[in-house]
Structure formats: C-alpha cells, structure tokens
Amino acid sequence: MFRMVKVRDKVKIYCKGKTVEVEALFDTGSGKSYISENVAEKLTYEPYDKPREIQLAIKNFKAKIIAYIPAVDLEITGCVLPSKETLDVIKDLYVDAIIGLNIIEPYGITFEKDMIKFREYPPRTHLI
C-alpha cells in the first residue's frame with residue numbers, strides 16, 4: 001500500500017547568482033515541485049502568458065501556475081543535487097516550496113522518522 005509522506009525541511013535554491021533558503025514541504029502526493037510567488041520574486045523567473053491551472057487533491061480546487069524558474073540548483077540536507085531542476089511558480093501557495101516526486105524519486109530521497117535522507121550519498125540521478 002502506498003503511503004503519502006509529508007516532511008518539512010530547509011532547502012536552498014541557487015539561481016543565476018541568487019540564493020534563497022526556504023522551508024520546503026516534501027510531498028510524495030505531488031508529482032511536480034513548486035515554489036511560491038513570494039519566493040520566485042527573489043529569483044529570476046519566466047512568467048507564462050496566461051496562468052495554467054492544475055487540479056489539487058481536493059475536489060473542485062485548482063491552483064494557478066503563473067511562471068517557472070528553469071535550471072536551478074537545489075541543496076537538500078547540505079548536498080547540492082547533481083542536475084539542474086525546473087520549478088513552477090504557484091500563485092498564493094501557502095508554503096515556500098513543495099518538493100514533489102519529480103525530485104524525490106530520481107535522487108532516491110527517503111524519509112526516516114521525519115528526517116530526509118538519500119539512499120546513496122552523494123546523491124545521483126536514477127532513471128525511473
């Protein structure tokens with residue numbers, strides 16, 4: 001049986017010479033990774049011409065993706081991931097960032113007693 005996991009931890013985002021540290025929600029129920037509009041304003045982002053809607057896990061609730069940040073480096077538990085990632089920007093997101101399965105699975109991120117760990121250290125990407 002699949003168990004959805006939600007753990008919070010600090011993550012550093014590096015983008016074009018700028019760095020922000022955010023409180024991120026690691027969510028195995030999310031297929032992608034997102035940051036809030038407030039965090040995106042501290043970095044360099046690319047707005048969409050029109051917002052894109054995504055369905056949330058709650059019936060009849062949707063979120064608006066208004067931009068994306070391409071090619072960021074992420075530092076998780078003190079380790080910079082080996083590949084650059086893209087983060088979508090959600091308007092009115094209630095947390096700084098959501099780290100979803102698109103980052104959790106390829107890097108072998110695990111959760112033990114509300115702690116974030118890598119299956120192998122340093123982490124490397126795995127095709128899934």
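Since the structure is predicted, the reported quantities are computational estimates derived from the model, not experimental observations.
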- Under the side chain to side chain donor-acceptor pair (under 3.5 Å) rule, collect the residues that match up with Glu75, sequence neighbours excluded. Tyr14

- Message: Taking ring-ring contact (aromatic ring centres under 6.0 Å, His included) as the definition, give me every residue that meets it alongside Tyr68, ordered by chain and number, with sequence neighbours left out.
- Response: Tyr48

- Do Met115 and Leu25 belong to the same hydrophobic cluster, where Ile, Leu, Val, Met, Phe, Trp and Tyr are linked whenever their side-chain heavy atoms lie under 4.5 Å apart, directly or via other members? no

- Out of curiosity, Lys91 NZ to Ile65 CD1, how far, rounded to the nearest 0.5 Å? 14.0 Å

- Task: Please collect all side chain to side chain donor-acceptor pair (under 3.5 Å) contacts where either partner lies in residues 34-45, sequence neighbours excluded, each pair once.
- Result: none

- Query: Going by heavy atoms in the side chains, are Leu74 and Ile13 under 4.5 Å from each other?
  - Reply: yes

- Closest heavy-atom pair and its distance - Ala63, Ile90: CB-CG2, 3.9 Å

- Item | CA sep, side-chain torsions, deciding dist, call: Leu93, Val95, side chain to side chain contact (heavy atoms under 4.5 Å, CB included) | CA-CA 6 Å; Leu93 188 63; Val95 294; 4.1 Å; yes

- Query: For Glu23, which residues count as a salt bridge (Lys or Arg N to Asp or Glu O under 4.0 Å) partner, sequence neighbours excluded?
  - Reply: Lys10

- Message: Side chains of Val72 and Leu43, heavy atoms from C-beta outward: is any pair under 4.5 Å?
- Response: no

- Query: To the nearest 0.5 Å, what is the distance between OG1 (Thr110) and CZ (Phe118)?
  - Reply: 9.0 Å

- Who passes side chain to side chain donor-acceptor pair (under 3.5 Å) against Asn102, sequence neighbours left out? Ser33

- Do the side chains of Asp9 and Ile76 get nearer than 4.5 Å, heavy atoms only? no

- Item | Partner residues of Lys18 under the salt bridge (Lys or Arg N to Asp or Glu O under 4.0 Å) criterion, sequence neighbours left out | none

- Rounded to the nearest 0.5 Å, what's the gap from CG on Asp92 to CD1 on Ile66? Could you check? 8.5 Å

- Pairs in or reaching into residues 43-56: which pass salt bridge (Lys or Arg N to Asp or Glu O under 4.0 Å), with residues at least two apart or in two chains? Glu53-Lys62

Considering only distance and modelled atom types, tabulate donor-acceptor pairs under 3.5 Å from the side chains of residues 77-85, sequence neighbours left out.
| residue | atom | partner | partner atom | Å |
| --- | --- | --- | --- | --- |
| Lys84 | NZ | Asp73 | OD1 | 3.4 |
| Lys84 | NZ | Asp73 | OD2 | 2.7 |
| Glu85 | OE2 | Tyr107 | OH | 2.6 |

- Got a sec, which residues hit salt bridge (Lys or Arg N to Asp or Glu O under 4.0 Å) with Asp88, two or more places apart in sequence or on another chain? Lys32

- Atom CD1 in Ile35, atom CD1 in Ile99: separation rounded to 0.5 Å? 9.5 Å

